[in-house]
Every structure is written in structure tokens, then in C-alpha cells.
Novice: 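One structure follows; several queries about it will come next.
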Amino acid sequence: MNDLPKDLTSQELLQQIGRLKKEREAVILAHNYQPPEIQDLADFTGDSLELSMIAAKTPAKVIVFCGVQFMGETAAILSPDKTVLLPVLEAGCTLADYATAEQLREAKKKYPNAIVVTYVNSSAEVKAETDICCTSANAIQIVESIEGNRPILFVSDYNLGHYAAKKTGKNIILWNGCCPTHALLSPFAIAKAKKKWPEAQVIMHPECKPETLELADFVGSTSGMLKYAKSQPAGASFIVGTEVGLLHRLQKENPDKTFHPASDYLICPMMKMTTLKNVKDSLEKMQYVVKVPAEIRLKAKAAVDAMLQYTASLKITTK
Ligand code: SF4
């Protein structure tokens, strides 16, 4: 007789997640790049900032953040009174790892007059050394808001910083970091996709390389791409230059349109670590609690709040 415990089916896992969610008074948030089954089970899907803002407003006591570490940290920074859980402890972000607080402190010594604008894809410690954060949805407006020709130290995505510099003409000092998933997308891959689907519009995330972005019909954040696709007529088709997880939501919300991945290789391994089983384990065992030390949290929050206040004054939403 085989005494090994049998694996639960997806249906059983979903039932257990539903029961545990009620018991814990929890809400489940999933980033747009999460696997389809995780997006489908979540109460809310969105980009990292949308989800952190939902986390801050929800009456739920527990937030299960299906995403990567910096996203859980941002939710914890904005919601210190709630328990934020990251189902996979090892789910980091390679782009965020390109900048440490120590490196940023050194760079600030090198450029003492620079204002530090940091992409939200960064650790809490790096945010704590920052003047104002930005997202891919508001980077251009945040950079534009810096008065005069004051140098801007843009941390840590080179490609997003380059794109913001090109769009605004501002004096930006670029950081040597990138998202390896988006940096992988080449002009050659776009040319190949365009040959295959000549009628399709090319939509792309600004974390892609400058020479690849040149080939885009529309450049925007994940929320920007969702909004743009919705605005296009029925029957439209798109080549999507971002992590393949977004295609699930694009197709679900636009059943009358067609979406093709710009490349089958645009997969973030960190985003794909989350499974139904570890969401269930996360709720059952209350793991892994995201903690940000109070001193770091307050400084990081000031940089995130500066961004939120500015975008609110411009009425920019992340949607
Ligand atoms: S897609 Fe890139 S930026 Fe997003 S979590 Fe993965 S490594 Fe980080």
C-alpha cells in the first residue's frame, strides 16, 4: 500500500484557498505577469503600484501578494498595519538587484547636486535613499517635474531612464541596470514577428532596449498597454513586447482582438514561481511575512508618497 500523501488537484487547492482566505480575512493580489491560474484566482490583478495602492485601501487584514519581493515590500511600506505575505520567498527581481543602498550612497557622493529618481522596482533600502520614486506609467511626468537642468540620477533601469531622457530632454545620469527579460527582446525578434503578423500593431514596455523601442507603435506600462488595447477597434491585433503573462489579461479583457507574444522567450522566471500550492501554503502557514524595518520604511515611504502626491496632482492614474 502506498502511504505517500497524494497531490491535491487544482480544484481542491482552489477550495482550500477560498476557505483559508475567509478564515484569515485575506485578499489575494496578483501581478499582471503571474501565471494565468494565479491571475484567475486573485481578487485583483494589476501592476505593482496599482496593487500596492489596493493593498493600502483594503479592509482585509492579510494581503497575499503574488509577485516578487519589491512588490511585497512596497505594499508593506504603504500598509504597516497589515500582514503582507509573499508566497515564494525566493521570488526576487533581477532589475531591483542591480542597485544596493551602498552603491546608491556612493553615487550620491559622486553627483551631490543630483536628485534621485528611483524606479519602484527596487528594494526598500534603495527607496530609503531616494528623493522620489516612479513607475513605468509615470516616469516621464516625474522626470519632467524636476525643475530646471538639475541632474537626475535615475535608478536602476537604464532603458526606462534612457526612454525618459529621450522623451523629456532632461539631464539624466543613467544607472547600469536592466530587466533581463525585457532586455532580451531584440529588433530582430520584432522584425520576425512583424513578418509573421504584418497587420498587427507593436506595443512595448519601456524596459525594452532603445533600439527595440524604435520599432514600437505604442510604448507604455502594463496598465498603459491594457488601456491602449481597449481603445483600439474590434478585430485589431497586437504584437506584445513585454513579459508573456500580460497576454492572459489582454486576451481575457479583449476577446474581440488578437494578441501575439513578440517572442516566446519573454518569461520572467521569478514571476512564474508562484503556484496554487504555495498560495495555499502561504495562507495556511502565514508565510512569508514581508517585514521592512521602521526606520527604512519611513524614509522609503516618503519617496513613494512624493510620487503618489505628484501623480495625484496631475490626475495621472496607473490605469
Ligand atoms: S520582469 Fe523584470 S522587472 Fe519584472 S520582476 Fe521580472 S526581472 Fe524584475
Side-chain angles (χ1 to χ4, degrees), residues 29-36 38-39 42 45-52 65-76 84 86-100 117-127 130 133-139 154-164 174-186 189 203-210 212-213 219-226 240-250 261-275 278 288 290 304 318:
L29 310 181
H31 188 269
N32 289 325
Y33 296 159
Q34 286 285 294
I38 302 296
Q39 293 192 35
T45 48
D47 63 27
S48 56
L49 191 68
E50 283 171 342
L51 294 178
S52 291
F65 208 124
C66 302
V68 296
Q69 281 161 9
F70 80 82
M71 298 177 181
E73 279 186 356
T74 309
V84 179
L86 192 70
V88 184
L89 186 63
E90 304 79 21
C93 166
T94 312
L95 170 57
D97 292 344
Y98 269 102
T100 64
V117 177
T118 296
Y119 193 20
V120 77
N121 298 28
S122 54
S123 69
E125 288 81 4
V126 167
K127 288 186 178 79
T130 292
C133 284
C134 75
T135 70
S136 51
N138 61 25
F154 192 94
V155 186
S156 65
D157 188 54
Y158 179 97
N159 294 329
L160 180 62
H162 185 280
Y163 180 67
L174 297 169
W175 195 272
N176 190 19
C178 71
C179 162
T181 304
H182 287 87
L184 202 68
L185 188 59
S186 65
I203 59 175
M204 221 179 272
H205 194 281
E207 285 172 19
C208 295
K209 290 184 292 193
T212 314
L213 286 176
V219 176
S221 62
T222 55
S223 45
M225 282 189 257
L226 282 158
V240 184
T242 192
E243 213 278 348
V244 293
L246 186 67
L247 273 90
H248 179 67
R249 194 167 158 201
L250 281 166
S263 158
D264 290 333
Y265 298 107
L266 295 177
I267 297 170
C268 172
M270 308 293 191
M271 281 288 183
K272 299 300 187 243
M273 285 179 164
T274 321
T275 62
N278 48 42
Y288 296 91
V290 180
V304 176
T318 54

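Both backbone and side-chain heavy atoms feed into the values below; hydrogens, waters and symmetry mates do not. Whatever order the structure lists them in is the order used to number ligands and atoms, beginning at 1.
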Novice: Check whether any side-chain N or O of Q34 sits under 3.5 Å from a backbone N or O of K272 as a donor-acceptor pair, and report yes or no.
Specialist: no
Novice: Taking 4.0 angstrom as the limit and counting only heavy atoms of C268, give me the atoms of ligand 1 inside it, by number and element.
Specialist: 1 (S), 5 (S), 6 (Fe), 7 (S)
Novice: If I take every N, O or S atom of C179, is at least one of them less than 2.8 Å from atom 8 (Fe) of ligand 1?
Specialist: no
Novice: Which value, rounded to the nearest 0.5 Å, describes the distance between C93 atom SG and F70 atom CZ?
Specialist: 5.0 Å
Novice: Minimum heavy-atom separation for N121 and S156, please, with both atom names.
Specialist: O-OG, 4.4 Å
Novice: Kindly say whether G245 contributes a backbone atom to a donor-acceptor pair with the side chain of Q39 at under 3.5 angstrom?
Specialist: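 Yes, because the side chain of Q39 sits within donor-acceptor range (under 3.5 Å) of the backbone of G245.
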Novice: Please classify the M270 to ligand 1 contact at 4.0 Å (heavy-atom distances, strictly less than): side chain, backbone, both or neither.
Specialist: neither
Novice: Return the residue, atom name and 0.1 Å-rounded distance of the protein heavy atom closest to atom 4 (Fe) of ligand 1.
Specialist: Y33 CE1, 4.1 Å
Novice: Sub-3.5 Å donor-acceptor pair from the side chain of K127 to the main-chain atoms of S122, do we have one?
Specialist: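 Present.
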Novice: Got a sec: is C93 within less than 2.8 Å of atom 6 (Fe) of ligand 1 via an N/O/S atom?
Specialist: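 Here the distance criterion (N, O or S atom, under 2.8 Å) is not met by C93, so no.
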Novice: Could you report the tightest heavy-atom contact between P180 and C178, atom names first, then the distance?
Specialist: CD-O, 3.4 Å
Novice: So is H31 in contact with ligand 1, going by heavy-atom distances below 4.0 Å?
Specialist: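 No.
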Novice: By number and element, which atoms of ligand 1 are closer than 4.0 Å to a non-hydrogen atom of E207?
Specialist: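 By the 4.0 Å cutoff, the relevant atoms are 3 (S).
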Novice: Short list, please: which atoms of ligand 1 are under 4.0 Å from a heavy atom of T94?
Specialist: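 Under 4.0 Å from T94, ligand 1 has these atoms: 7 (S).
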Novice: Just which atoms of ligand 1 are under 4.0 Å from any heavy atom in N121?
Specialist: 3 (S)
Novice: Is it true that the side chains of T74 and S52 contain a donor and an acceptor less than 3.5 Å apart?
Specialist: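 Short answer, no.
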